[in-house]
Amino acid sequence: MSLVLNEDQLMLKDSAAGFLAEKSPLSALRKLRDERDETGYSKALWQEMAELGWAGMAIDEAYGGLGFGYTGLGVVLEEMGRKLTASPMLASIVTGATAVALGGGEELKQALLPALAGGAMTMTLAVQETASHKPLQTSTSALRQASAYLLNGRKLLVADVHTADRIVVAARTSGGPGEEHGLTLFLVDADAEGLSAERVFMVDSRNSGRLILDQVRVDDSRILGEVDRGWPLLQKILDIANIGLSAELLGLSLEAFERTLEYLKERRQFGATIGSFQGLQHRAAELYTELELARSIVLAALQAIDRGDERLPVLAAACKAKLCQVSTRVTTEAIQMHGGIGMTDEFEIGFFIKRAKVAQQTFGDYHYQLDRFAAANAY
Amino acid sequence: MSDLETFRAETRRWLEANCPNSMRTPELAGSDVYWGGRKPEYKHPDQKVWAQRMGERGWTAPQWPVEYGGGGLDREQVRGLRQEMSRIGARNPLHSFGISMLGPALLKYGNEAQKREHLPKIVRGEIRWCQGYSEPGAGSDLASLQTRAEDKGDHYLVNGSKIWTSFADRADWIFCLTRTDNSGPKHQGISFLLFDMASPGVSTKPIALISGSSPFCETFFDDVKVPKQNLVGEEGMGWTIAKYLLTHEREMISGFGLAGGGKSLSREAVEVIGTDPAGRLDDTVLRQQLAQLELDAMVFGYTMTRVGDEARAGQGLGAASSIFKYYGTELNKRRKELLMCVRGEHALAWEGEDYQHGKTARDWLRSKGNSIEGGTSEIQLNIIAKRVLGLPGQS
């Protein structure tokens with residue numbers, strides 16, 4: 001497989017860019033924020049995106065998807081990253097549909113995947129419990145009772161927590177914090193008794209929040225993967241989610257950089273265009289180089305998902321770690337190079353750093369991923 | 001069987017029959033590298049045999065046209081040949097600035113007589129070339145070079161000096177930038193000359209570096225007569241040719257950023273420093289720096305692959321060679337710094353059999369020059385800023 005986008009993927013990229021430019025300019029996110037929109041995204045827009053096949057992009061054709069693979073989905077995520085498009089794409093498709101496709105039995109797949117691909121149903125994934133992402137520290141308990149499990153615990157930073165119809169919850173059926181064995185993934189209905197979701201208005205103006213599970217009953221038929229052996233499944237879902245987040249981070253970084261470059265060519269000080277100053281030129285050239293590197297690892301990691309590459313954990317860790325770094329640097333420099341206007345809420349450049357920070361910390365930030373990268377390389 | 005498969009099968013048979021066993025081992029040191037030339041130096045006679053056999057088939061420059069001594073192979077065949085060579089661990093038969101630098105420029109800008117005269121000798125390793133670019137007063141600002149070439153009717157009279165001429169003391173010929181006109185802008189008035197280093201008036205002096213002895217020389221020209229037919233392209237066209245040639249040089253140097261074969265740096269660190277009970281390197285700060293370096297090296301490797309694949313697919317990336325040169329050499333400097341940390345006392349030695357004659361320290365110091373030679377990192381960033389990002393020049 002060559003490390004390039006093929007013709008179909010290039011066409012998809014163009015059409016996604018065109019569609020989003022019209023339907024999802026950055027002002028749409030500002031409006032959702034200012035109106036404190038109850039849903040946090042436009043349901044009508046999500047329906048249109050589903051009709052275009054975006055929700056079903058990586059879902060198998062047998063379950064109502066396009067079977068276009070994660071590389072295709074990544075192309076769309078990158079373009080959505082550019083526009084900071086608020087949508088259930090990450091929670092419902094990249095984590096939810098992936099969890100069902102990888103861990104669900106035939107019956108669950110039939111029941112859920114076509115509805116997810118069509119946009120009629122949405123899902124999310126609940127893992128984090130402490131200040132930062134540490135999935136092995138999961139302490140949410142799942143106690144056996146008759147032919148079901150009772151879930152108790154509290155989850156944080158759950159995307160679309162108050163709008164999702166189904167939630168995949170990582171819980172302990174045995175073992176203790178730090179142990180791989182004993183983790184199990186449960187599929188919980190949003191309206192299940194004992195479950196409460198609380199939206200938190202986050203820095204990126206998108207949907208994340210807290211989930212409390214108080215004696216929530218889940219049947220055996222709602223287990224994804226195997227009891228006690230959910231860790232490899234969860235890791236794979238998280239690897240794919242982190243690569244998806246990286247594609248989004250790539251898109252928003254490219255957009256922030258290109259806007260900054262335009263500004264460097266327009267803004268005049270000391271009687272000259274500020275882009276003619278070498279102090280800024282070299283920094284811009286370094287950002288460009290870093291972005292070219294970022295493009296390469298994102299594409300390599302997306303292709304690794306589609307190929308079923310056994311090195312996926314290393315590539316996912318490398319990809320997310322690199323994109324955390326690059327997006328931090330680009331969005332920070334974007335503000336600095338814009339000067340005072342970059343600090344104003346009225347100007348759009350500040351929106352990028354906000355979304356970047358949430359995307360970075362979702363499912364493991366730079367430190368977590370670099371540690372995984374080293375561990376995966378045996379040091 | 002497709003044509004390509006037939007070609008590969010034949011190539012495999014030929015290599016099996018013609019590559020000496022001693023040439024199927026890695027080059028251990030600089031002295032193991034064969035450069036050809038009028039007075040070839042070699043440690044093992046097979047080096048000469050291997051270069052001759054490959055040269056006769058044109059496979060030292062496999063993609064060059066057959067009429068100039070090259071292999072006449074297409075891109076796929078060249079790739080096939082390289083893969084077959086690496087399958088048996090065959091060495092590069094001939095290291096040559098003629099092949100990597102001058103050849104591509106001559107093929108593009110040379111006249112028919114020049115191509116017929118020089119290219120076959122390069123392919124067969126008969127003439128060893130050196131590059132006369134930098135001058136004491138013209139480093140990053142290369143276009144301000146002052147070595148004069150005066151028009152004397154049937155010849156030019158060359159006076160001046162060059163610096164950083166790699167292997168000038170071993171080379172047979174030089175491709176040299178000279179000033180034929182001082183009246184206009186500095187980029188004009190530069191001419192690209194070829195001449196014999198045995199010409200009267202040429203002398204060289206080796207330069208010792210912070211890393212010890214080096215292939216670099218100072219080169220002096222004192223009334224050197226160069227026949228007019230040795231001008232490449234038109235008079236005053238030298239800058240265009242020089243820039244074309246520099247892109248080839250940059251790609252060569254940027255390869256330094258990729259990890260070589262053998263043990264990875266992190267593996268070596270684990271062996272020297274050890275791990276904690278969880279299997280992590282027992283130096284958490286160093287571990288993070290190693291991971292960062294190896295992460296960046298991996299991503300850089302994918303970028304080299306992607307840019308190559310995109311070029312083949314017709315999706316070009318501007319100024320790719322500047323990105324590679326800049327990032328690859330900076331990466332190599334970081335790698336050598338960390339290698340010094342990992343090896344500790346061993347790395348500090350300057351001499352001694354037990355210390356590989358100070359190789360670690362010398363390589364570390366030498367790497368500092370990677371981001372200077374062939375256009376400094378700052379020059380590469382200038383190129384990216386202006387040519388790719390379209391940022392304006394200083395007013």
Side-chain angles (χ1 to χ4, degrees), chain A residues 1-7 10 257-258 260-262 264-265 270-278 280-301 303 314-315 317-319 321-323 325-326 366-367 369-379, chain B residues 264-270 273 275 278-284 286-288 290-292 294-296 298-315 317 319-320 322-324 326-327 330 377-378 380-395:
Chain A
M1 198 189 289
S2 328
L3 204 51
V4 289
L5 293 178
N6 64 30
E7 287 294 319
L10 285 172
F257 176 70
E258 286 164 20
T260 303
L261 196 57
E262 285 313 303
L264 293 181
K265 291 175 185 178
F270 303 105
T273 315
I274 61 171
S276 68
F277 303 146
Q278 200 174 39
L280 291 174
Q281 285 188 347
H282 282 190
R283 278 155 62 190
E286 283 175 2
L287 295 180
Y288 173 78
T289 304
E290 288 289 342
L291 284 165
E292 285 300 318
L293 295 174
R295 278 184 207 267
S296 310
I297 189 65
V298 168
L299 184 55
Q303 289 186 350
V314 180
L315 276 154
C319 185
K322 189 71 194 168
L323 267 294
Q325 274 187 308
V326 174
Y366 165 76
H367 303 97
Q369 302 297 348
L370 196 71
D371 176 68
R372 275 189 77 208
F373 176 78
N377 283 302
Y379 63 98
Chain B
S264 72
L265 191 51
S266 56
R267 182 101 313 266
E268 192 172 335
V270 164
I273 296 162
T275 55
R280 292 188 169 89
L281 185 69
D282 219 354
D283 180 335
T284 51
L286 179 62
R287 177 175 182 262
Q288 186 191 341
L290 284 172
Q292 183 68 57
E294 293 190 347
L295 166 65
D296 288 338
M298 176 186 185
V299 176
F300 182 59
Y302 278 120
T303 304
M304 301 271 273
T305 304
R306 178 172 67 87
V307 169
D309 287 351
E310 282 180 354
R312 273 186 285 283
Q315 312 167 16
L317 165 68
S322 288
I323 291 176
F324 294 155
Y326 160 63
Y327 201 84
E330 296 296 338
S377 286
E378 290 72 20
Q380 307 311 323
L381 293 173
N382 283 348
I383 292 173
I384 296 167
K386 296 200 172 66
R387 294 210 203 129
V388 184
L389 304 181
L391 291 170
Q394 307 262 20
S395 48

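All values below come from the heavy atoms of this structure, side chains included, with hydrogens, waters and symmetry mates left out. Keep in mind the model is a prediction, meaning the values are calculated, not measured. Chain naming here is simple, since letters A, B, ... match the order of the sequence lines and numbering starts at 1 in each.
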With chain A as the partner, which of B:Gly390, B:Gly308, B:Ser377 has the greatest number of non-hydrogen pairs under 4.5 Å?
B:Gly390

Under 4.5 Å from any heavy atom of chain B, what part of A:Leu5 do you find: side chain, backbone, both or neither?
backbone

Looking at B:Glu378 and A:His282, would you say the former's side chain and the latter's main chain have a donor-acceptor pair under 3.5 Å?
no

Sort out for me which of A:Glu258, A:Arg283, A:Gln325 touches chain B most, counting heavy-atom pairs under 4.5 Å.
A:Gln325

Heavy-atom pairs under 4.5 Å with chain A - which of B:Val299, B:Thr305, B:Asp282 has more of them than the others?
B:Val299

Under 3.5 Å, is there a donor-acceptor pair between the side chain of B:Asp309 and the main chain of A:Leu3?
yes

Any idea which of B:Gln292, B:Met298, B:Arg267, B:Gln288 has the most non-hydrogen atom pairs under 4.5 angstrom with chain A?
B:Gln292

Counting heavy-atom pairs under 4.5 angstrom with chain B, the leader among A:Asn377, A:Leu264, A:Asn6, A:Leu315 is A:Leu315

Between A:Gln369 (side chain) and A:Ala318 (backbone), is there a donor-acceptor pair under 3.5 Å?
no

Show your working on side-chain contact (heavy atoms from CB on, under 4.5 Å) between A:Thr273 and B:Leu391 and close with a plain yes or no.
CA-CA 9 Å; A:Thr273 315; B:Leu391 291 170; over 6 Å; no

Could you look at A:Phe373 and say if it's the side chain, the backbone, both or neither that has a heavy atom under 4.5 Å from chain B?
side chain

Can you tell which part of A:Phe257 gets under 4.5 Å to a heavy atom of chain B, answering side chain, backbone, both or neither?
side chain

Report yes if some heavy atom in the side chain of B:Tyr327 is under 4.5 Å from a heavy atom in the side chain of B:Thr303; otherwise report no.
no

Checking heavy atoms, do the side chain of B:Ile273, its backbone, both or neither come under 4.5 Å from chain A?
neither

One option among A:Leu370, A:Leu299, A:Ile297 has the most heavy-atom pairs under 4.5 Å with chain B, and it is A:Leu370

With heavy-atom distances below 4.5 Å as the criterion, would you say the side chains of B:Phe324 and B:Gln380 are in contact?
no

Between the side chains of A:Arg295 and A:Glu292, is the shortest nitrogen-to-carboxylate-oxygen separation below 4.0 Å, so that they form an ion pair?
yes

